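Here the structure is laid out as structure tokens; the discussion comes afterwards.
Just so it is clear, the model here is predicted, and its values are computed rather than measured.
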Amino acid sequence: MHVQKIETGHNDIVHDVSMDYYGKRMATSSSDMTIKIVGVSNNSASQHLATLSGHTGHVWQVAWTHPKFGSILASCSYDGKVVIWKEDNQNEWTQAHVFGDHKSSVNSISWAPHELGLCLACGSSDGSISVHIARSDGLWDTTKIDQAHPVGVTTVSWAPSMAPGALVGSAVLEPVQKLATCS
């Protein structure tokens, strides 16, 4: 395996890194309250593409959607917010949505498998989990599970959308919606 060191340009601790679907861009989140997007290639070259600012606390995690939804990135922060970033033009990002449903730090985010649609789960130190589902009119529906974990949620993770063995079976199966959380 080839090792490539990439300088992100953050001014503080980097908490998370996420590669896009094609492995050509990575997003990093930091205590400097920014997200950096860097282009990466196989020849050990990297290129700073964008810096996203908008959080007022440490940015804990970033996550790319499946490319069928376009270039969309989610971030979560100590400021209690989740931001959905959308790339409008090449390397020009805007805040498409800001969710402020949590009372304290949002520690983890996870996009559902693309078969379930544009759907994001969020876990917070306030003990709740929120699930945001994009609607066809551009708005979002939110479901919140209060006190899912009394001492806070540290991680959320979606299961694959198909039941075990579904790819080898001949029956048409509905996607499985299964979310795991921990505290």
Separation between CG of Leu52 and CH2 of Trp93, rounded to the nearest 0.5 Å: 7.0 Å
message: Using modelled atom types and a 3.5 Å cut-off, is there a donor and acceptor pairing between side-chain atoms of Thr155 and backbone atoms of Thr181?
response: no
- request: Check for a donor-acceptor pair, side chain of Ser110 on one end and backbone N or O of Ala121 on the other, with a separation under 3.5 Å.
  value: no
- prompt: Under the 3.5 angstrom rule, does the side chain of Ser183 hit a backbone N or O of Gly152 as a donor-acceptor pair?
  reply: yes
message: If the test is side chain to side chain contact (heavy atoms under 4.5 Å, CB included), which one of Ser53, Ser75, Ser31 qualifies with Val59?
response: Ser75
message: Counting only heavy atoms not in Lys144 (residues, nucleotides, ligands), do more than 12 fall under 6.0 Å from its NZ?
response: yes
message: Is it the case that atom CD in Glu115 sees more than 12 heavy atoms from other parts of the structure closer than 6.0 Å?
response: yes
query: Between the side chains of Gln61 and Ser29, is a donor N or O closer than 3.5 angstrom to an acceptor N or O?
result: no
- prompt: So which residues get pulled into Val131's cluster when ILVMFWY side chains under 4.5 Å apart are joined, directly or through others?
  reply: Leu116, Ile129, Ile133, Ile145, Val153, Val156, Trp158, Leu179
field: Atom of Ser124, atom of Ser105 and distance for their closest heavy-atom approach
entry: OG-O, 2.8 Å
- request: Please check if the distance between the ring centroids of Phe99 and Trp140 is under 6.0 Å.
  value: yes
message: Count I, L, V, M, F, W, Y as connected when their side-chain heavy atoms are under 4.5 Å apart, and connections chain through other members. Are Leu73 and Val98 then in the same cluster?
response: yes
- prompt: Distance-only, no hydrogens or angles: does the Ser77 side chain make a donor-acceptor pair with backbone N or O of Gly57 under 3.5 Å?
  reply: yes
- request: Any chance you could measure Leu120, atom CG, to His97, atom NE2, to the nearest 0.5 Å?
  value: 11.5 Å
task: Flag the pair Lys81 / Gln95 as yes when at least one side-chain heavy-atom distance between them is below 4.5 Å, and no otherwise.
output: no
task: Identify the residue among Val62, Val38, Ile37, Asp20 that makes a side chain to side chain contact (heavy atoms under 4.5 Å, CB included) with Met26.
output: Val38
query: Any donor-acceptor pair under 3.5 Å linking the side chain of Asp32 with the backbone of His10?
result: no
query: Does one hydrophobic cluster hold both Trp85 and Trp64, with members joined at side-chain heavy-atom distances below 4.5 Å?
result: yes
Contact summary for His58 and Met33, nearest pair of heavy atoms: N-CG, 4.2 Å
query: Any chance CZ of Phe69 has more than 12 other-residue heavy atoms, nucleotides or ligands included, within less than 6.0 Å?
result: yes
task: Mind running side-chain hydrogen bond (donor to acceptor under 3.5 Å, both in side chains) on Thr94 and Asp88 for me, showing each step along the way?
output: CA-CA 7 Å; Thr94 58; Asp88 296 324; 2.9 Å; yes
task: Identify which one of Leu118, Ile84, Ile109, Asp101 satisfies the side chain to side chain contact (heavy atoms under 4.5 Å, CB included) criterion when paired with His132.
output: Asp101
- prompt: Do you know the tightest heavy-atom contact between Ser130 and Thr142?
  reply: CB-CG2, 4.4 Å
field: Atom pair OG1 (Thr154) and NE2 (His149), whose distance is rounded to the nearest 0.5 Å
entry: 7.5 Å
- request: May I ask you to test the Cys76-Ser108 pair for a side-chain heavy-atom distance under 4.5 Å?
  value: no
statement: Output for pair (Met19 CE, Thr28 OG1), nearest 0.5 Å, gives 11.5 Å
message: Let me check something: do Val83 and Trp111 share a hydrophobic cluster, defined by ILVMFWY side-chain heavy atoms less than 4.5 Å apart, either directly or through other members?
response: no
From CG (Asn89) to OG (Ser71), nearest 0.5 Å: 11.0 Å
task: Using atom types as modelled and distance alone, determine if a side-chain donor or acceptor of Ser128 lies under 3.5 Å from a backbone N or O of Gln147.
output: no
query: Going from CG on Asn107 to NE2 on His15, what distance comes out if it is rounded to the nearest 0.5 angstrom?
result: 11.0 Å
message: Keeping Ser18 on the side-chain end and Ala27 on the backbone end, is there a donor-acceptor pair under 3.5 Å?
response: no
